[in-house]
Number of protein chains: 2
Amino acid sequence: MHKRLPTIQDVARSAGVSTATVSRALTDPTRVSDATRQRVTLAVRETGYTVNQAARSLRKQNSNTLLVALPDIGNPFFSVMLDAIERTASEAGFATLIASRKQAGEAGSKLAEHLQSHRVDGVLVLDGSIALDGLLALHDPDEVPPIILACEERPGLASQLPVIKSDNVGASRKMVRHLIELGHQRIAHITGDPDSIVRAARLKGYREELIAHGIPVEDELIIEGDFSLESGAAAAQQFLALSDRPSAVFCSNDMMAVGFISEIRTAGLKVPRDVSVGGFDDIMVAEKIWPGLTTMHQDRARIGSLAAEALIQVLTDPDATPPRSHFLDAELVVRGTTALKT
Amino acid sequence: MHKRLPTIQDVARSAGVSTATVSRALTDPTRVSDATRQRVTLAVRETGYTVNQAARSLRKQNSNTLLVALPDIGNPFFSVMLDAIERTASEAGFATLIASRKQAGEAGSKLAEHLQSHRVDGVLVLDGSIALDGLLALHDPDEVPPIILACEERPGLASQLPVIKSDNVGASRKMVRHLIELGHQRIAHITGDPDSIVRAARLKGYREELIAHGIPVEDELIIEGDFSLESGAAAAQQFLALSDRPSAVFCSNDMMAVGFISEIRTAGLKVPRDVSVGGFDDIMVAEKIWPGLTTMHQDRARIGSLAAEALIQVLTDPDATPPRSHFLDAELVVRGTTALKT
DNA sequence: CTGTTAGCGCTTTCAC
DNA sequence: GTGAAAGCGCTAACAG
């Protein structure tokens with residue numbers, strides 16, 4: 001298939017030194033003499049040598065590769081994070097392997113296998129729904145496992161893993177406060193996927209802020225969704241059926257808000273005239289739909305790069321202090337769907 | 001860091017056979033006796049063994065890993081393809097490594113290095129702007145290099161690489177024909193990035209279809225863009241400045257169409273009342289904006305999986321007929337921006 | 001059908 | 001500062 005690729009032997013021969021010296025010249029130039037270094041450099045150029053990663057990995061017992069586990073690469077919410085991760089990893093000399101969870105039935109096992117088979121040195125988990133038990137079982141309880149969570153913390157054992165994410169409770173409170181400040185007194189909430197911790201956090205924020213303003217929390221105004229566009233549309237139907245409709249809705253994410261708005265509109269209501277809508281995430285369509293969707297902007301690129309940095313830190317310097325969790329602020333972005341109430 | 005991981009030796013000891021037998025039992029179960037196979041299987045389970053990929057790669061001179069080179073993972077246009085590629089690869093037992101081009105200055109060299117360093121067996125190129133000379137130099141001219149292009153064919157040497165893509169000329173003709181059938185006689189075109197072959201193909205389709213209908217091609221109606229949202233908005237300004245404005249516009253991609261529409265609207269024109277707009281790609285926002293954008297739907301997932309299949313074919317069966325290029329049909333999706341002309 | 005053996009290309013002691 | 005030699009874990013001859 002290929003031309004036979006040059007090995008370190010070829011370089012050694014060409015430079016008239018031993019393979020050990022070539023290796024040293026390449027990994028830590030200060031450990032060889034100037035003259036040797038130059039001859040090696042020249043020989044490398046002449047032969048077109050590149051280190052064989054497989055051999056290096058086998059010898060060094062690491063792969064300089066990160067694994068990113070995510071539910072759906074096609075979902076921009078995740079792919080933006082992935083992009084930032086890849087960039088961070090690449091700058092640190094790490095390659096990035098991806099595992100999309102949609103694929104195989106057994107999710108966690110695939111990851112464990114990758115880790116165990118020395119294909120990757122560490123894992124970034126962007127997905128709230130991956131089973132991590134298999135992964136965790138590989139490690140001594142008192143060691144720091146090379147796993148970082150992004151976006152979602154986890155229950156059980158995994159709750160001790162470091163997580164980089166937005167402060168969902170605080171951000172939700174900001175959104176609800178915004179609606180209240182616009183004069184809304186009755187605000188509905190469309191929740192996320194019941195299995196997700198994010199759902200709980202945003203619901204909590206919604207409740208807390210209402211209570212802080214002395215507004216009663218009405219169960220009737222909490223409509224179940226699952227983060228999908230369709231569930232937002234379905235929630236709109238429930239919303240329309242309410243005898244006494246609230247003047248505002250806080251949707252647990254943007255996708256549902258888009259579905260909600262589109263359905264509401266079909267029914268002849270106008271946004272924000274008849275109902276103000278707030279979302280969460282600031283995905284691209286939030287900006288492009290008309291009117292623009294007011295939402296909480298999550299800095300997904302930042303989350304991604306912080307997570308990658310934390311993981312690389314663990315991998316390159318195991319004696320450093322173990323990575324800490326980060327909770328980032330999300331920023332309120334006001335657009336057309338919450339125009340001033342007149 | 002880890003507990004010491006079990007090796008094939010541990011399995012062999014536990015099963016009371018040689019390592020070679022374990023290896024055989026694992027890679028081709030038919031080559032060992034039933035009894036042996038069972039004992040090995042059991043031993044594998046007991047020890048929790050997983051093959052060390054680094055060792056296997058070193059020995060077999062392959063990595064069972066694909067590299068996907070793309071300009072921007074965060075761009076949904078590419079990430080949907082990436083998703084399909086990853087799924088296809090995973091099903092065939094290949095891992096997927098990503099290289100986002102935004103990162104490093106030297107683009108092509110990074111890829112060549114990955115290939116040469118045995119980190120990956122083949123490359124899928126989703127990006128029209130990556131320099132491939134370095135990659136191609138690695139291969140004998142008469143060998144099939146393990147590189148497949150998706151979306152964009154290339155000039156020069158690389159033009160001989162197989163490419164999987166939409167039939168841009170034909171699809172553009174379809175769109176223009178649609179506009180003509182709606183009664184439009186003067187149709188503007190906003191072009192893509194001058195460096196891109198896609199730009200040329202879509203422009204060609206635009207021209208051909210006009211001519212086929214006996215409509216003169218007016219240079220004045222061909223406005224330069226670069227595929228970005230902003231360039232669509234800028235093109236709208238030029239469009240507005242035309243003394244005799246056409247009644248329809250065919251934008252070379254959806255992003256520009258979105259920018260165009262938003263700018264046109266700011267100027268007080270209505271879509272499609274004052275101008276009909278057609279795009280290309282069918283990205284998600286095309287469906288979500290109001291009115292919905294009429295566009296050519298590219299089956300990006302299909303392109304991705306076909307490309308991955310072709311590459312895996314080359315890698316697993318080098319004696320098979322070399323992969324051929326595919327040109328897929330794109331489908332016209334009619335939405336609000338080209339409502340019937342009355 | 002199974003065991004023995006060599007060696008993939010690299011890094012790392014251990015000498016000098 | 002450099003070389004010799006061992007060995008990471010696996011698979012592919014080659015025998016038997």
Side-chain angles (χ1 to χ4, degrees), chain A residues 1-41 43-44 47-65 93 113 115-119 121, chain B residues 1-41 43-44 47-65 93 113 115-119 121:
Chain A
M1 193 86 181
H2 304 74
K3 303 175 187 175
R4 197 183 75 73
L5 260 31
T7 75
I8 201 171
Q9 304 254 21
D10 299 318
V11 179
R13 198 173 310 121
S14 162
V17 296
S18 74
T19 61
T21 300
V22 175
S23 178
R24 282 189 281 254
L26 259 37
T27 54
D28 183 2
T30 66
R31 293 183 54 78
V32 299
S33 72
D34 281 9
T36 309
R37 179 166 57 255
Q38 293 194 2
R39 289 163 67 204
V40 170
T41 310
V44 165
T47 55
Y49 170 77
T50 320
V51 65
N52 181 322
Q53 286 293 344
R56 174 179 280 180
S57 289
L58 177 57
R59 180 63 228 238
K60 305 205 6 176
Q61 305 278 43
N62 73 16
S63 58
N64 270 257
T65 305
E113 206 175 296
L115 243 190
Q116 194 174 173
S117 67
H118 287 263
R119 238 201 240 270
D121 298 333
Chain B
M1 193 86 179
H2 304 73
K3 303 174 188 175
R4 196 184 76 73
L5 261 30
T7 76
I8 200 170
Q9 303 255 22
D10 299 318
V11 179
R13 199 174 308 122
S14 162
V17 296
S18 73
T19 60
T21 300
V22 175
S23 177
R24 282 190 282 255
L26 259 36
T27 55
D28 183 2
T30 67
R31 294 182 53 78
V32 300
S33 72
D34 282 9
T36 308
R37 180 165 55 256
Q38 293 193 2
R39 289 164 65 205
V40 170
T41 311
V44 166
T47 54
Y49 170 77
T50 320
V51 63
N52 181 322
Q53 286 293 345
R56 174 179 280 180
S57 290
L58 176 57
R59 179 63 228 234
K60 305 201 15 172
Q61 304 279 43
N62 73 15
S63 58
N64 270 258
T65 304
E113 204 176 299
L115 245 190
Q116 193 174 174
S117 68
H118 286 263
R119 240 201 239 270
D121 298 333

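Numbered from 1 within each chain, the chains take letters A, B, ... in sequence-line order. Keep in mind that what you see is a predicted model, and the values were worked out from it rather than measured.
- When the side-chain nitrogen and oxygen atoms of S57(A) are compared with OP1 and OP2 of dC8(D), none of them lie within a distance under 4.0 Å.
- With rounding to whole Å, R13(B) atom CZ is found 14 Å from dG3(C) atom P.
- Side-chain nitrogen and oxygen atoms of T36(A) include at least one within less than 4.0 Å of the OP1 or OP2 phosphate oxygen of dT2(D).
- Regarding contacts with the backbone of dG9(C), every side-chain N or O of T7(A) stays at 4.0 angstrom or more from both OP1 and OP2.
- The distance from atom CG of N52(A) to atom P of dC8(D) is 18 Å, rounded to the nearest whole Å.
- Residues S33(B) and Q53(A) each lie close to DNA chain C; by heavy-atom proximity, the contact nearer the 5' end of the strand is made by S33(B).
- The side chain of T19(A) lies closest to dA5(D), out of dT2(D), dA5(D), dC8(C).
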Give the intermediate values and the outcome of side-chain hydrogen bond (donor to acceptor under 3.5 Å, both in side chains) for residues R119(A) and T65(B).
CA-CA 10 Å; R119(A) 238 201 240 270; T65(B) 304; 3.2 Å; yes

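- Remark: C1' of dG9(C) and CZ of R56(B) are 18 Å apart, rounded to the nearest angstrom.
- With dT11(D), dT2(C), dC10(C) as the candidates, the nucleotide lying closest to the side chain of V32(B) is dT2(C).
- If you measure from atom CG of L26(A) to atom P of dT11(C), you get 8 Å, rounded to the nearest angstrom.
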Might you work through the side chain to side chain contact (heavy atoms under 4.5 Å, CB included) test for Q53(A) and R56(A), ending with a clear yes or no?
CA-CA 5 Å; Q53(A) 286 293 344; R56(A) 174 179 280 180; 4.1 Å; yes

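- Checking dT11(C), dT12(C), dT11(D) against the side-chain heavy atoms of A20(A) singles out dT12(C) as nearest.
- The two residues S63(A) and D121(A) have their closest heavy-atom pair at N-OD1, 2.8 Å.
- Of the candidates L5(B), L26(B), D10(B), L26(B) is the only one forming a side chain to side chain contact (heavy atoms under 4.5 Å, CB included) with Y49(B).
- Across the protein-nucleic acid pair, K60(A) atom NZ and dG9(C) atom C1' stand 14 Å apart, rounded to whole Å.
- Checked by atom type and distance alone, the side chain of S23(A) never pairs as donor or acceptor with a backbone atom of T19(A) at under 3.5 Å.
- Rounded to an integer number of Å, the gap from L5(B) CG to dC10(D) C1' is 15 Å.
- Atom CZ in R4(A) sits about 10 Å away from atom P in dC8(C), given to the nearest Å.
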Stepwise side chain to side chain contact (heavy atoms under 4.5 Å, CB included) test for V40(A) and V32(A):
CA-CA 10 Å; V40(A) 170; V32(A) 299; over 6 Å; no

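- Contact annotation: T21(A) side-chain N/O to dG3(D) OP1/OP2 distance is under 4.0 Å.
- Across dG9(D), dG3(D), dT11(D), the shortest atom-to-atom separation from the side chain of V17(A) is found for dG3(D).
- Distances were taken from every side-chain heavy atom of R59(B) (C-beta onward) to each of dG1(D), dT11(C), dT11(D); the shortest belongs to dT11(D).
- Between dT11(C) and Q61(A), no contact under 4.0 Å exists linking OP1 or OP2 to a side-chain N or O.
- A straight line from CZ of R37(B) to C1' of dT2(C) spans 14 Å, rounded to a whole angstrom.
- Below the 3.5 angstrom threshold, one finds a donor paired with an acceptor across the side chain of R24(A) and the base of dG3(D).
- Side-chain N/O atoms of S23(B) include none lying less than 4.0 angstrom from OP1 or OP2 on dC10(D).
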